[in-house]
Amino acid sequence: MNALAHGLGRIGIWAADFDHLSAREVREAAAAVEDLGFGALWFPETTGREAMAQAAILLAATRRITVASGMTDIYARDPVTAAAAQRTLEEAFPGRFLLGLWESHPSLAQDIRGHRFGPAPVAVRAYLDALDSAPFGPPGTAGSPQRVLAALDPGMLALAAERAEGAMVLGMPVAYTRVARTALGADGLLAVTQLCVLGDDDGHDHADTADTADTANTAASADTADLARTTAEAALPNRRGLLRGLGYENPDALDGRLVDALVAHGRAEDIAHRVQEHFDAGADHVSLHLVTTAPGSPSVRQWERIAAHLPLRPGGHAPAFAASTFD
């Protein structure tokens, strides 16, 4: 297993909804993720909190867990500022911050931030060049601490293999984990983020009779399936071509096979099984992006349910999966 993956632990949480929470709620949720035994806490940067400030909040609220800014927008700050911020966090929290750089999106870069959006591999390569030569940072800190690139297409995966410790691949089927592993080679860190929709507790908490239990189970299953489909649909715009390359000839049809491949949904055991499938396909680390119908509320209860089916060590990092974990 890649040495950086060991620092991350094998399993993490992707906290996409933290921008909907107050700072107090974010600190409490981060502590809960650590206490459950997850090895890393990932978050994106879009239109909410600034990534480096968010990382500092999360690092200060926890003791051991790795905090990874999985999609740090290259248009949100110049490379010199990014290098100084990364080195500052490394100085304050040694070995606990992982910078993940993201190529951004035209609407964010141009319409909101006022920059000219450039082709991803070219723009990211230029950003990395400037990052590596940045002169600013705390005294005594080294340049170019560990980093990964948010990568989907082959060009970005190749750049990640060349200029970073590896790649973070978000929201793709297990089959693409195999593609990414080939692109990164045996030694590159491969962190994948799995979209998840966790079903209800089998409907029993709200049922008084066998008939009402069956009705509740049916309704809960339908709600889970609907949210999984909506989540898969939202993931399509940047993935259609890649999905066609995996054999999904008409991604927009969103048939059940494609929804199931993009979104792990149902019981906690089903989500845990998908984690193992990614490991079997070559992933070093899997983070879980839990999608709920209440993005304004921390997902602690759902994380607890999933954690009960994963080989986590509460209060510490997740140990490595054994090959027979789900046999």
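Along the sequence shown, the residues carry numbers beginning at 1.
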Item to check | L21 and D17, any side-chain heavy atoms less than 4.5 Å apart | outcome: no
Item to check | N250 vs L258, side-chain contact (heavy atoms from CB on, under 4.5 Å): CA-CA, chis, key distance, verdict | outcome: CA-CA 10 Å; N250 184 14; L258 178 55; over 6 Å; no
Item to check | Pair R274 + D260: basic N to acidic O under 4.0 Å | outcome: no
Next on the checklist: Between R244 and E249, does any NZ, NE, NH1 or NH2 come within less than 4.0 Å of an OD or OE carboxylate oxygen?
Outcome noted: no
Item to check | side-chain contact (heavy atoms from CB on, under 4.5 Å) between F279 and T177, intermediate numbers included | outcome: CA-CA 9 Å; F279 288 143; T177 297; over 6 Å; no
Next on the checklist: Do S299 and T292 pair up side chain to side chain, a donor and an acceptor below 3.5 Å, judged on atom types alone?
Outcome noted: no
Checklist entry - To the nearest 0.5 Å, what is the distance between CD (E269) and CD1 (I306)? => result 10.5 Å
Item to check | Interatomic distance, L131 atom CG to L99 atom CG [nearest 0.5 angstrom] | outcome: 7.0 Å
Checklist entry - Do you know which two heavy atoms are closest between A234 and P237, and how far apart they sit? => result O-CD, 3.4 Å
Checklist entry - Will you find, in the side chains of T62 and R96, an N or O donor that is under 3.5 Å from an N or O acceptor? => result yes
Checklist entry - What are the two closest heavy atoms between F97 and A55, and how far apart are they? => result CE1-CB, 3.6 Å
Checklist entry - Under the criterion side-chain hydrogen bond (donor to acceptor under 3.5 Å, both in side chains), which of E277, H278, H289 is the partner of Q194? => result H278
Item to check | Ion pair check, E233 and R229, cut-off under 4.0 Å | outcome: no
Item to check | Minimum side-chain heavy-atom gap L157-V169 below 4.5 Å | outcome: yes
Next on the checklist: Looking at R181 and D284, is there a salt bridge between them, counting it only when a charged N and a carboxylate O are closer than 4.0 Å?
Outcome noted: yes
Item to check | Sub-4.5 Å side-chain heavy-atom contact between F38 and L312 | outcome: yes
Checklist entry - At their closest point, which heavy atom of H20 faces which heavy atom of G296, and how far apart are they? => result CB-CA, 4.1 Å
Checklist entry - Counting only N and O atoms by type, is there a donor-acceptor contact under 3.5 Å from the side chain of E45 to the main-chain atoms of D73? => result yes
Next on the checklist: With a 4.5 Å cut-off on side-chain heavy atoms, are Y248 and R239 touching?
Outcome noted: no
Checklist outcome for this item: On a heavy-atom basis, the closest approach of A134 and P79 is CB-O, 4.3 Å
Checklist entry - What class does the angle between the rings of W42 and H285 fall in, given that below 30° is parallel, 30 to 60° is tilted and above 60° is perpendicular? => result tilted
Checklist entry - What heavy-atom pair brings Y127 and A82 nearest, and what distance separates the two atoms? => result OH-CB, 3.3 Å
Checklist entry - Within the distance-only criterion (no hydrogens, no angle test), does the side chain of R267 pair as donor or acceptor with the backbone N or O of D200 below 3.5 angstrom? => result no
Checklist outcome for this item: In this structure, CG of L170 is separated from CG of L152 (nearest 0.5 Å) by 7.5 Å
Checklist entry - What residue among L242, L243, V192 forms side chain to side chain contact (heavy atoms under 4.5 Å, CB included) with Y176? => result L242
Next on the checklist: If I compare all heavy atoms of A123 with all of Y75, which pair ends up nearest, and what's the gap?
Outcome noted: CB-OH, 3.8 Å
Item to check | Pair D35-R63, salt bridge (Lys or Arg N to Asp or Glu O under 4.0 Å): steps then yes or no | outcome: CA-CA 10 Å; D35 289 343; R63 305 177 306 279; 3.6 Å; yes
Next on the checklist: Run the salt bridge (Lys or Arg N to Asp or Glu O under 4.0 Å) test on R87 and E91 for me, step by step, so that the C-alpha distance in whole Å, both residues' side-chain angles and the decisive distance to 0.1 Å come before the verdict.
Outcome noted: CA-CA 6 Å; R87 290 166 65 179; E91 178 194 34; over 6 Å; no
Next on the checklist: Within the structure provided, determine whether R27 and L58 are in side-chain contact (heavy-atom separation under 4.5 Å).
Outcome noted: no
Checklist entry - So do the side chains of W102 and S69 get within less than 4.5 Å of each other, counting heavy atoms only? => result no
Item to check | N238 side, atom CG; M172 side, atom CE - distance, nearest 0.5 Å | outcome: 10.5 Å
Item to check | Euclidean distance, L290 CG relative to C196 SG, rounded to 0.5 Å | outcome: 6.0 Å
Next on the checklist: Quick one: does any side-chain atom of T88 pair with a main-chain N or O of A84 as donor and acceptor, under 3.5 Å?
Outcome noted: yes
Checklist entry - Of T231, L198, T224, which meets side chain to side chain contact (heavy atoms under 4.5 Å, CB included) against H265? => result T224
Checklist entry - Do S287 and I11 touch side chain to side chain, with heavy atoms closer than 4.5 Å? => result no
Next on the checklist: I need the T66 OG1 to Q146 CD distance, nearest 0.5 Å.
Outcome noted: 9.0 Å
Item to check | Chi angles and distances behind the side-chain contact (heavy atoms from CB on, under 4.5 Å) call for L254, L236 | outcome: CA-CA 9 Å; L254 272 181; L236 280 184; 4.0 Å; yes
Item to check | Q276 side chain vs H273 backbone, donor-acceptor pair below 3.5 Å | outcome: no
Item to check | Worked verdict on L89 versus M52 for side-chain contact (heavy atoms from CB on, under 4.5 Å) | outcome: CA-CA 8 Å; L89 291 173; M52 301 304 190; 4.1 Å; yes
Checklist entry - Do you reckon V174 sits in the same ILVMFWY cluster as L262, going by side-chain contacts under 4.5 Å, direct or chained? => result no
Checklist entry - Side-chain contact, heavy-atom cut-off 4.5 Å: M168 with L190? => result no
Item to check | Lys NZ or Arg CZ of R49 over F18 ring: under 6.0 Å, within 45° | outcome: no
Next on the checklist: With a 4.0 Å cut-off on N to O distance, would you call D132 and R147 a salt bridge?
Outcome noted: yes
